[in-house]
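Notes for the one structure printed next.
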2 protein chains.
Amino acid sequence: MATIKDVARKAEVSTATVSAVINDSAYVSPELRARVLAAVRDLSYAPSLAARNLKRGRSQLIALVVADLANPFFSRVVWAAEAAVAAWGYSLLIFNSDEKPEVERRILARVRTLSCDGVILVPVGDSTEHLQSDPDGKPIPTVLFGRTVAGDRSDTVTIDNISASRQATEYLLDLGHTRLGTVTGPLHLTTGRGRLDGMLAAMRSRGLALESRYIRSGEFREDAAYSVARSLLEQPSRPTALYVASGLMALGVMRAVADLGLRCPGDISIASTDTIPGIGGLRPRLTRTEHPLVDMTNEAVRLLVDQIRRGGPAEPRNVVFQPSLVVGDSCAPVVARSVASPLSSSGSGQ
Amino acid sequence: MATIKDVARKAEVSTATVSAVINDSAYVSPELRARVLAAVRDLSYAPSLAARNLKRGRSQLIALVVADLANPFFSRVVWAAEAAVAAWGYSLLIFNSDEKPEVERRILARVRTLSCDGVILVPVGDSTEHLQSDPDGKPIPTVLFGRTVAGDRSDTVTIDNISASRQATEYLLDLGHTRLGTVTGPLHLTTGRGRLDGMLAAMRSRGLALESRYIRSGEFREDAAYSVARSLLEQPSRPTALYVASGLMALGVMRAVADLGLRCPGDISIASTDTIPGIGGLRPRLTRTEHPLVDMTNEAVRLLVDQIRRGGPAEPRNVVFQPSLVVGDSCAPVVARSVASPLSSSGSGQ
DNA sequence: AAAACTCACCTAATCGATTAGCTGGGTTCG
DNA sequence: CGAACCCAGCTAATCGATTAGGTGAGTTTT
């Protein structure tokens, strides 16, 4: 690889001049500029980022740390983030904390040594102390994505979880369902907890309660959702409708429903928050709330770049996006009988 | 951020000693070692990768350049690659060439200036000259993934496309289908072309031909598959079974089938290569061939790390994985009438 | 006991950029 | 006319690590 010295020698100028031409950081006469550019081309010179970064103290790297790369939701975030980050001139590093706080800690240490300019983090722990690079040093610019952490002062980009589950729940209630159940995420996460809370609020405001035996939470995974959904649905009297807190979980629930020989929406209605893109040709089509994922990701990157540019965090900004309901055909009106005597209709399926 | 000098000063040793302790690159007496480690801890020192990389000429970075990040297939590759790369001590940069050769070119230039230690590339162009870092310089260690490029001398990791489509096709033929159609990928890609060829070969060996009006190719995208499938299925006499060359395309085909009011497998059987993970609870369940994606990705990373370690490419290695058929319920035996008089049964579906 | 080795550690050059500060020729102004 | 100023371009310090080569004390060899 040619270095700046080779270019300088070939163009018969100093390295400072080459640098000035390359970075447009000072006026250089047209003649020298042309000589430099010719030399750059001839040697097919590309500046070493390692050297540049060492001197400048930045790296043009943004890290995206997601909680579970196997979840299609986060895959889409990766997709959107790659584009957004590239548009700002950065490159994207991907890390998977796999929902493990200690892995997250290791990753953030590595992010530090790689001197990434910023991090977009889907936090899995309940603390973000480790975001501080060290006691004295300044923290790495950070934007929390999707989830928040109590007491943290980073920028955040989230959706309104309460509203998401409320919308889905109200849709089910409007169809006449009263015996609802839910498969939600871990309750120590704002996404899992918030989506349960919104559902509870929606039911309460109609004077209904959510029976605790109809509430299940598990990790945001297909298999976890499958098993909690199974145990939920195998109870003697099962709910007539379910709200599921994630698209991936909805798949697990669907599989449980299929394996139990139940029909959706015939035997049970299902509404979720988020879905798996592209499955519109399969049956049933999920009724769900959708997040403006691309906008959210763009906003996260914008906030992060802003932090990087201003060189330190300002007053923390919390951007909340609104989900919207998309109706499929996984929900059906409850049959009159069930409404009239909810406790007696235990064997409707099969 | 503390530097190695700060550590050296605090531990009252030279920077060389600190470096030796950190890298275990030379014997250091227990006493000094302890002093150094204490200083490292107190200052919470982490070596600057920028400086280290500049000196060492490597970066601990591996780039993964995929053809379409929006495709769940590649999302899974990202997931598997992140884990594999981390296990070898590298970090993963993600780039999306979006099937555009000129974007790929730009990305590879950037990969060079970032001085990535290696690249896993899903090539979109038909040339890999730009893999050469420059006329004289040595090329970046590279492994081509999924697709190959004629005349290239990199290591490659692929599946046996011929076998994949042959297995799926034979399954359909065994069910009695004779009027087959296909929705495959772009024919200039080894994946699109190979999967068509395997199908043709399977049919030929049974004395059958694949009518050209039943052959459609399009980009490996859901929407592209949707539209070519629609135009394929809207023809006066449509095939009784389809082979679809990718999981994402299968979703598009399913949507087209649904929109046309056809039932799968009642009106049309569908078999594909690859699927979308987790959709086992939705109907129909795809009959498809599956690749050992995780093994493939691990192998790609292994080959790449091997190239990096040996410092230059050896004789190119081409590893081909075998797909296996997984039966769902998207295919049905053809009804006797259709087998007897294939040309007369135009209006069987809706 | 002097020569020859080891060993543990240090000094200083080096990687390839950026950039503060200098230089010397040309303008401007009092 | 000389002082003050500008300006393009250069010299050399610098970023923070690694590492070749050096040093002096202790050990072995003859």
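Order of the sequence lines fixes the chain letters, A, B, ..., with proteins taken first and strands second; residue numbering starts at 1 for each chain. All values below were derived from every heavy atom in this structure, side-chain atoms included, with hydrogens, water molecules and symmetry-related copies excluded.
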| said: Whole angstroms only, please: what is the CG-P distance between A/Leu43 and C/dA17? | reply: 11 Å
| task | Please state whether the phosphate of D/dC15, meaning OP1 or OP2, lies under 4.0 angstrom from any side-chain nitrogen or oxygen of A/Asn53. | result | no
| field | Side-chain N,O (A/Ser29) to OP1/OP2 (D/dG9) below 4.0 Å | value | yes
| query | Do any N or O atoms from the side chain of B/Thr297 and from the backbone of B/Leu293 form a donor-acceptor pair under 3.5 angstrom? | reply | yes
| task | Please say which of B/Glu102, B/Lys100, B/Arg105, B/Arg147 ends up in a side chain to side chain contact (heavy atoms under 4.5 Å, CB included) with B/Val124. | result | B/Arg147
| said: Need one value for B/Thr15: base, sugar-phosphate or nothing, where a base atom within 4.0 Å counts as base even if backbone is also close, heavy atoms only. | reply: base
| query | Which is true for A/Leu32 with a 4.0 Å heavy-atom rule: it touches a base, it touches only sugar-phosphate, or it touches nothing? | reply | sugar-phosphate
| query | Taking atom types as modelled and ignoring hydrogens, do the side chains of B/Asn53 and B/Ser59 form a donor-acceptor contact shorter than 3.5 angstrom? | reply | no
| note | Heavy-atom nearest nucleotide on DNA chain C taken for B/Tyr27 and for B/Ala51; more 5' hit belongs to B/Tyr27
| task | Check every atom of C/dT19, C/dC9, C/dA12 against the side chain of A/Ala16 and return the nucleotide holding the closest atom. | result | C/dT19
| said: In whole Å, I'd like the distance from the CG atom of B/Leu114 to the P atom of C/dA17. | reply: 14 Å
| note | By nearest-nucleotide position on DNA chain C, the 5'-leaning member of A/Arg58 and B/Val13 is B/Val13
| task | Compare side-chain N and O positions of B/Ser19 against OP1 and OP2 of D/dA17 and report whether any pair is under 4.0 Å apart. | result | no
Sequence neighbours excluded and cut-off under 3.5 Å, please list the side-chain donor-acceptor pairs for residues 71-86 of chain B, or say none.
residue	atom	partner	partner atom	Å
B/Asn71	OD1	B/Phe73	N	2.8
B/Glu82	OE2	A/Asn96	N	3.2

| request: Using atom CD1 of B/Ile4 as one end and atom C1' of C/dC15 as the other, report the distance to the nearest whole Å. | output: 15 Å
| request: For the side chain of A/Tyr45, starting at C-beta, report the closest nucleotide among D/dG9, C/dA17, C/dC15. | output: C/dA17
| If you find the nucleotide of DNA chain D closest to B/Thr17 and the one closest to B/Leu54, which residue's nucleotide is nearer the 5' end? | B/Leu54
| query | Taking atom P of D/dG9 as reference, at what distance in whole Å does atom CD of A/Glu12 sit? | reply | 14 Å
| note | Quick note, A/Ser48 side chain, CB onward, closest among C/dG16, D/dC10, D/dG9 is C/dG16
| task | Select base, sugar-phosphate, or nothing to describe what A/Val18 touches, counting heavy atoms under 4.0 Å on all strands. | result | nothing
| Min side-chain heavy-atom separation B/Glu104-B/Phe95 under 4.5 Å | no
| Are A/Asp42 and A/Lys10 close enough for a salt bridge, meaning some N to O gap below 4.0 Å? | yes
| A/Glu31 has an atom CD; how far is it from atom P of D/dC7, in whole Å? | 20 Å
| remark: Separation of C/dG16 atom C1' from A/Arg52 atom CZ, nearest Å, is 11 Å
| Can you tell me how far P of D/dA13 sits from NZ of A/Lys55, to the nearest Å? | 13 Å
| field | Nucleotide D/dA12, atom C1' - distance to NZ of A/Lys5 in whole Å | value | 11 Å
| Which nucleotide, D/dA17, D/dC10, C/dT18, lies nearest any side-chain atom of A/Ser14? | D/dC10
